[in-house]
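These values consider heavy atoms only, across backbone and side chains, with no hydrogens, waters or symmetry-generated copies. Proteins get letters first, then strands, A, B, ... in listed order; numbering begins at 1 in each.
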Amino acid sequence: MIALRVTDLRVAYGQVVAVHDLSLTIEAGDALVLLGPNGAGKTSAVEAIVGLLPKRRGKVEFFGEDISAMNTSAIVRKGLALVPQWRELFPTFSVEETLIAATTAADKREPKSLESIYDLFPVLQARRQQLAGSLSGGEQQMLAIGRALVANPKLLLLDEPSSGLASGVMRTLIQAIKRIRQSGVAILLVEQNMEIARSVGDRCCMLAAGTLAWQGPMQEAIKHDEAARIYFGDTRA
Amino acid sequence: MLAELGNILIAGIKFGAIYALAALGLVVIHKATKTVNFAHGAFAMLGAFGSFLIVVHWQGPYWLAYLLVPILIGIIAALIEFLILRPLRRADMFTVVIATVFLGIALGEAFRLIYNTELLAVPGMFVGAPFVVSRVFVTKETLWVIAGALVTALACVMLFHHGKIGRGMRAMASNVRGAQLCGYSVDRVYMFAWFLGGALAGLTGVFVAPITGVSVELSIAVITAGFVAGVIGGFDSLRGAILGGLLLGVVESLAAAYVSSAMKNCVSFILLFFVLMWRPEGLFPERVARRV
Amino acid sequence: MRHPSFHHLMTFTFSALVGFGFVMNSPLARAQEPGISATEITVGAIGALTGPLAFIGTPGRDGLTLAFNEINERGGVCGRKIRLQYEHASSPAESIAAVKKLVEQDKIFVLILASGSTGAAAAADYVREVGVPTYNLYGSTPIIRKPFSKNVYHGAIVPVEVASLGLISMFYDGGNAPKKFGVLAGTYAFPQATLKAVEEALKVKNINYIVEQFDQTARDYTSQLVSFSRQQVDAVLFLGSFSEAGFAIKQSRELGMSQIRWVLDGSAVSRAIIPIIGDANGIRGYFNTPAFPGQTEAVREFESRLKTLLGSMPQGRPNNYDIIGYGSAYVVALAAKSTGCQLTRAKLLDAWSNLKNAGPTQLGGLDITFPESFTPADHQGNYRLGAAIVKNGVWEVYRVLEKP
Amino acid sequence: MSDKRFGFAGLGPTVFILICLVAGLALDSYPKYVLAITIISMVIGVALVVLVGLGRCITLASGSVMAIGAYAATLSMVHLGVPYAAALLLAILAGAAAGWLIALPGTRFRGHNLAMVTLVFQSVCIILIREAKWLTGGAEGIRVPPPSIMGWRIASDSDFLIVIGVLSALIVLLMTILVRGPFGKNLQAAAGNEVAAETFGVSVPGYLTAAFVVSSAAIAFAGALAAPRIRILDPDSFGVLPSISMLAYPIVGGMYSVWGGLLGGGGLRVLPEFLRPVADYQELFFAGLVIVVVMFFPGGLVELLRRGSALVFVRDAKRGSAPIPAAAASPIAAAAEADASQVLLRVEGVDKHFDALHAVNSANLMVPVAGIHGLIGPNGAGKTSLFNIISGFLEADQGRIEFGGTSLLNLRARDRIRLGITRTFQHVAVFGQLSCLDNVIIGRGRNAVFHSMQQSFEYFIDGPGAVAARREALVALQAVGLVDQAHSLAAALSLGDQRRLEIARAIISEPKLILLDEPVSGVSESEVEGLRQLLLRINAERNIAMLVVEHNIPFVAKLCRTMSVMGAGRIVAEGRPAEVIAMPAVRQLYFGEESAA
């Protein structure tokens, strides 16, 4: 069963083309990593998939349903959640209220209980009444993930969850992401950080300058030093 | 002297409660949609007109006006959001301000054309002798306006801060992208915010109709007072709008009594000016969490 | 400009637009007396149809229209129908434009000013130079009346010096003797003009008084009323519109100041004040005509005719502007007729300056205004006012205030 | 593009008013009168183009400013017996003072708050006029005495038309000169992109204040011209509603050109005369018109006519495009090694905290004279913060930044251009409403308000200074290969070309250092190499040093001679590109710990 199929996706801001005709698929329950240097168009791609950015062309199907023309709230309600790069939390909301707000996205599906989120991130339970704006960076990231999970999604898009986090927190996050995956949720992880990418993903797509530069199993990517070539170019010349 | 002060304060609070309601509608729309609705006064005028139609023209019961008018004006506001503001969503603030300013003028003129008269009088909901407490006079009407307007305003704050639909608006106000990711639709939330703002304006109109009558000038009076009250309170704070409205009403009353009756408007503008210059975030801004 | 072609087009288009409009509108000069043809007499009028002063201009237009229709149905004047050309004008600048259009382009025979004080003042200034016979219906400020001009006439609205004396006298009706006067005046044009005259009159009479003011369309009078209360004022003269008066009186009741005798300026005497106040009995004010709407058979008939003309009757109408408009139309028609149908402006001015007791009744109209008389030295047609009082929830004129 | 300008274009609006005046003299008295007040509205329209269109400031105070002019002139004539000509001058001064007063708080706000601040001014002004009865006659109004100039008594409609027409033409000429010259361009730049404007020495508050002063002076002048024509002044004629109507002038006419103001002011003033048969509906019609224009024709009538004229007349776009002889196109690939001993920019121990986040942690950096230095690092490494500290948009908590021996700390962004530092922006910050040529001219610096006003006259007569500026700009445009686009609007260029335009704007002032903020972000693959060549050539030919922040590492590696890598606020590596990239620490930064092994 294919969870997400993206065909010839193009994203542009005015004249700036950020994503050139990208195609990729994710099987249900699978974990795919989208790698690439800064500015490669990874964030633009995932934001276009969930409708936060307009698509110039291309098609996005979610479990066989064409969601290309839907707006973000409708897409999210279908069960496709995004944890955005800048977290996009509501600073004046408490942790609990943030999670309650996100149950809207469950729509007609059963939302997850807040307990299950607190089970995944016990620290959030301790901070239940605290305002989201006053949390530490790592806690904010956990809250952002929790917020996406409450809606009980079938596919979770994670956009650079590691950015700006200390390594200790990162390990907690990796564990959590693994658990989420084990519960049957498909994952699309956008990362620059190879360490996280490797511990979460099976397959890997590399983007460079908005186009798909390479794809294959995660292990191959590291072995063949593909990443280095894409990141740093051919510097030997 | 004390009784005199008491009478002045009560009048100030009565008008302040109305200002608070007007400011609240403006702030709700601004908070959720980042648009300042300069046509808000015209909405209130239409609300007062609706109340005239129901109570005077069709001789209907007063509670019907309180029930129907907010819904109707809310629907009109939502329609205007759909027809005019939605196409301008990507336009800059400048364009939107101009569009709503002239929308207000257009609505006022349309009313004038329909009902060519200086003023339509609407009777109060209550009649009867005022209560007197040591030479301070309070009518039932005044009590009703103060209590009614403040209770509705507080109810609205509660809805905004604790209700499900209010949560959507607050989420949208806080972070548009985040709110969408929580499943809130921009179109729906914006339309609802305009509905709620419009309904508050309509309600302002119903409350104010017996106090001021229905006239085109009402529209300018409401938008000016509402805006000044909003800025004084902190334009993004609902509680601030209520406090700002009350403060404005009281300050205006005191100034008219103890400074000069001809300078009443001057005083409120000077207050606005000082707030804008020295505390642009308002006197009662929403508490803001650090570290975002 | 970026492209020369565009620049030329622009110049061309706009010049064409301006030129075309004016050329099309400017008729060839006629040898005949302006505004007079074999079948028609053209009367021009200005007044506000939109904006804050529309409540004066619109009834003015309706009253004039009703009267001229009646006159025309009876065959007109001097075998000619009267045609009313009514132009919108509010500010001084607009008033001058409208009057110039009427005088110079439409070649009207007579001009009627149905606008507020400042608009009428600016227009009057101009017509003094041109010499077109002009009839000022509603402007009360001295700035219109001075200097005297032989082609400008004033109708039902009496000069402020006269009105102020009438107003003050009403406080003493029924053996009343006020202890302390308060004057509550709007900060805008006509209340200020009246205020000046009232203060002079009060000073002459050596009456102790205090003045409080309010902004146009003010709705909260608490502070002014509290000040009156503090000074133990028992008589308040109100200078402003009916809506302002209504809310001021309503609030005075709410503040327990029920002993005050209120006397209102003519512009505040309106039916529409009753629903604002509720129980308005005992409130006095002057009215510019001998009977209040509803008071006599003639006024009731007027009301029904006006309703037929308009389709429905807006709240608060007919008001004094409707009635004055109606009566003034008859005065103009009579002035034309009394030239012996030698319809020239010079003859008209002569005849008008000698009109006696002119009013609707002389031409078969309804008897609802004070008859107006003019002399070559005094162009104020009417000095009388109706002292009115609210009884059983309706206004009625209880005596006529004669010229002091 | 030729060096020749279209000579009389700037005189168009003035000539147009004079044509109206002459044509009007043949008309009747009524159209003469209407024409006179229409011309006055045109002046107001033009004045509001400066403030509303170019400065993007909303004002609801136009009525009071007009009143200030009208009353200043009238009162000085009535009470002081000042002659009319002097009274007109007084009105201008009073208007300018009013504009300055509004600008004091006004430049701090935009949008609805500015609308409110101007409304406060409007209301308080009218209340004061009304209350000062002894001076102004109060609400009843004051009669304006018939004016005379040098013994000539202005009385007839023709007299008025001549006086109003000629003086209006004059003031419109002045305004046209300012709008079309550097003053107008800089004002548009300041309103369009504050950050970019400040970078090139255009003081945003300064220009907005000037816009308020200039437009208020003109509106007050219009009020003084109108006063004797409307005979009676009263405060209500200058209330809020007239102010709102005046705001509609530039919007309906077109906000960005003098023609727009003329057309909007004139059209909206003359339209009621044509709408007389439906006078009851005219206000509704106007309000509806404005809403329709903002929703569907944001360019106003001018834009509509321009499109119309484009259909009627064939555009001769290629007119006079004689390019400057091509310079020797010889990109020097193997650039001379910079003399590393000569340090141009030195950053030492710079620290920056945002609350708990240590964004920049005692960073050191050095750019040699005529060198090219790159700064890379993963997201959130602190590059942008460091870059903004160097460019003056962010204050450092600690540390030293020296440029050629001068400390850059405490120096405003707009003052750095004088030392020879310019920059480009990550999100291209060209002034879209201006032509490429004008964009580049702003890059010359020397953009102080008064200087640009003087320059506007120079440009109008196409004096030597203007010719020189244009030539310099064309040379810079040629250097980046955009000379053919010199007269296109910057907004119409492709992104790659906008980047080139930014570079042209950055090099025209012959700086010693350009700060390049992600110069190829979003640029298509095919244009990247071209930009690299361009930068190398500029560096070689003009000896301009460059500091480049960029995500595209292959690009930086090929462009720079040295580079620094940032991670978590620190500089983790430094050296030649190939060496730096090979460092394990750098690999670790990008790929995590294990890959470093």
Which atoms of D:R108 approach chain B - backbone, side chain, both or neither, heavy atom under 4.5 Å | side chain
Chain B heavy atoms under 4.5 Å from D:F109: which part of the residue, side chain, backbone, both or neither?
-> side chain
Pick out which of B:D187, B:T35, B:T33 makes a side-chain hydrogen bond (donor to acceptor under 3.5 Å, both in side chains) with B:R89.
-> B:D187
So, the part of B:L83 with a heavy atom under 4.5 Å from chain D: the answer is backbone
Answer yes if the side chains of B:D236 and B:H30 hold a donor-acceptor pair under 3.5 Å, and no otherwise.
-> yes
Which bit of D:E283 is near chain B, if near means a heavy-atom gap under 4.5 Å: side chain, backbone, both or neither?
-> both
Answer key: most heavy-atom pairs under 4.5 Å with chain D among B:P280, B:C266, B:G104 is B:C266
Which bit of D:I127 is near chain B, if near means a heavy-atom gap under 4.5 Å: side chain, backbone, both or neither?
-> side chain
Describe, in one word, how the ring planes of B:F15 and B:Y19 are oriented to each other, choosing from parallel (under 30°), tilted (30 to 60°) and perpendicular (over 60°).
-> tilted
Heavy-atom pairs under 4.5 Å with chain B are the metric here; pick the option from D:V52, D:V117, D:V240, D:L241 that has the most.
-> D:V52
In terms of the angle between their ring planes, are B:F235 and B:F227 parallel, tilted or perpendicular, with boundaries placed at 30° and 60°?
-> tilted
Contact class of D:V120 relative to chain B, heavy atoms under 4.5 angstrom | both
Based on non-hydrogen pairs under 4.5 Å, which of B:V36, B:L103, B:I220 is most in contact with chain D?
-> B:V36
Would you say B:S237's side chain and B:G233's backbone share a donor-acceptor pair under 3.5 angstrom?
-> no
Contact class of D:L289 relative to chain B, heavy atoms under 4.5 angstrom = neither
Residue D:V293 versus chain B: region with a heavy atom under 4.5 Å | neither
Would you indicate whether the side-chain heavy atoms of D:L489 and D:L434 approach each other to under 4.5 Å?
-> no
Turns out that what part of B:L113 lies under 4.5 Å from chain D's heavy atoms comes down to side chain
If we only count heavy atoms from C-beta on, is the B:Y258 to B:I8 side-chain gap below 4.5 Å?
-> yes
Would you please classify the geometry between the B:F274 ring and the B:W278 ring as parallel, tilted or perpendicular, with 30° and 60° separating the classes?
-> parallel
